[in-house]
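Both counts, for ligands and for their atoms, begin at 1 and track the order of listing.
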Amino acid sequence: MKTTAPLLLLIEDDPQFRLLLRTTLENQDYRVLTAATGRDGLDEARNQRPNLLILDLGLPDIDGQEVIRRLRIGSEVPIIVLSARDQESDITQALDNGADDYLTKPFGTAELMSRIKALLRRVAKLPGGAQEYFQVGELKIELTKRRVSVGEREVHLTPIEFRLLSVLVRNAGFVVTHRQLLEKVWGASYVEHSHYLRIYMGQLRHKIESDPARPRYLLTEAGVGYRLSEEEIQ
Ligand code: CA
């Protein structure tokens, strides 16, 4: 039996880029809806209930950030934002507003496809989506048993280190912003204390990575946050 292909909504004002992306996505057997403005995009999202949304942040009518905020009222549809300018603050703000992932233009087709697949996979796992067991390369993490190992070596983590790693495991494959990590690990009053994060991430890498200066698992997204890789980086 052929299952229905996921429905994607693409909100992008640049007509050429919209057409290119649409063709690319349709070639991968996705069903694609498009909108050229934030307003139309919001209408389409409400009426058609897509499985995933790809949103350009620079729109002519409503700011992309506002589109995310309005979408997030009553909808958990996964959102990938596209940012034309390599503006870290825009990306960080979009993620903090509730977007799930981002790509900076120009990006490759393969990269977009892997982000879409990862997000759809994560949604399919819900509810009860908290991932209790995680493995990538030699790194194994069992959240309920609080057990972490690299190859044969058991890794001993402090409670804070473990909490930090847990948040990344629950979002494996996705970027988590500095603010989100600080809030989830230390609490809401710590969101400005990014030095905590740097220190603890450094410790975690020393315990987990074979070369902490060139991490394969705990990846830095410059200026935005961290991502636990779902695939082993060679
Ligand atoms: Ca644009």
Side-chain angles (χ1 to χ4, degrees), residues 5-123 171 173-181 219-227 229-230:
L7 179 64
L8 312 184
L9 170 58
L10 169 64
I11 308 176
E12 164 65 71
D13 59 316
D14 178 338
Q16 273 181 316
F17 192 63
R18 195 167 63 234
L19 180 64
L20 176 74
L21 262 188
R22 181 191 193 122
T23 313
T24 307
L25 294 166
E26 283 177 345
N27 284 341
Q28 303 286 324
D29 288 334
Y30 289 112
R31 294 181 295 145
V32 183
L33 292 167
T34 59
T37 64
R39 227 172 284 281
D40 285 351
L42 283 167
D43 283 345
E44 288 282 49
R46 282 196 200 101
N47 298 331
Q48 307 294 329
R49 305 207 159 259
N51 302 102
L52 185 142
L53 218 131
I54 301 168
L55 170 70
D56 179 36
L57 283 180
L59 293 170
D61 57 338
I62 316 174
D63 180 55
Q65 306 287 354
E66 184 58 26
V67 174
I68 300 170
R69 278 191 288 268
R70 292 196 202 171
L71 274 166
R72 276 290 169 258
I73 302 170
S75 166
E76 300 203 335
V77 61
I79 303 172
I80 300 176
V81 295
L82 308 179
S83 169
R85 311 135 287 180
D86 189 3
Q87 281 195 339
E88 289 164 355
S89 59
D90 279 3
I91 293 163
T92 307
Q93 199 193 342
L95 295 167
D96 283 333
N97 281 337
D100 296 277
D101 211 338
Y102 74 95
L103 285 167
T104 306
K105 294 177 187 172
F107 50 82
T109 306
E111 201 174 1
L112 175 63
M113 293 310 151
S114 85
R115 298 291 166 84
I116 291 173
K117 276 194 197 126
L119 266 177
L120 291 174
R121 231 181 13 244
R122 181 164 78 169
V123 172
N171 295 280
F174 298 93
V175 61
V176 188
T177 67
H178 297 137
R179 192 184 181 88
Q180 289 165 341
L181 283 167
L219 310 181
T220 296
E221 301 269 328
V224 176
Y226 296 94
R227 182 192 301 262
S229 178
E230 273 196 312

ring-ring contact (aromatic ring centres under 6.0 Å, His included) partners for Y226, two or more places apart: H178

Main-chain N/O of V224 paired to E88 side chain as donor or acceptor, under 3.5 Å: no

Pairs flagged by salt bridge (Lys or Arg N to Asp or Glu O under 4.0 Å) wherever residues 8-21 is involved - sequence neighbours left out: E12-K105

Across all chains, not counting sequence neighbours, the salt bridge (Lys or Arg N to Asp or Glu O under 4.0 Å) partners of R179 are E192

Start with the C-alpha gap between E230 and R121, add the side-chain angles, then the distance that decides, and say whether salt bridge (Lys or Arg N to Asp or Glu O under 4.0 Å) holds. CA-CA 12 Å; E230 273 196 312; R121 231 181 13 244; 3.0 Å; yes

Restricting to distances shorter than 3.0 Å, give the number of protein N, O or S atoms close to the Ca ion (ligand 1). 3

Start with the C-alpha gap between L82 and F107, add the side-chain angles, then the distance that decides, and say whether side chain to side chain contact (heavy atoms under 4.5 Å, CB included) holds. CA-CA 9 Å; L82 308 179; F107 50 82; 3.6 Å; yes

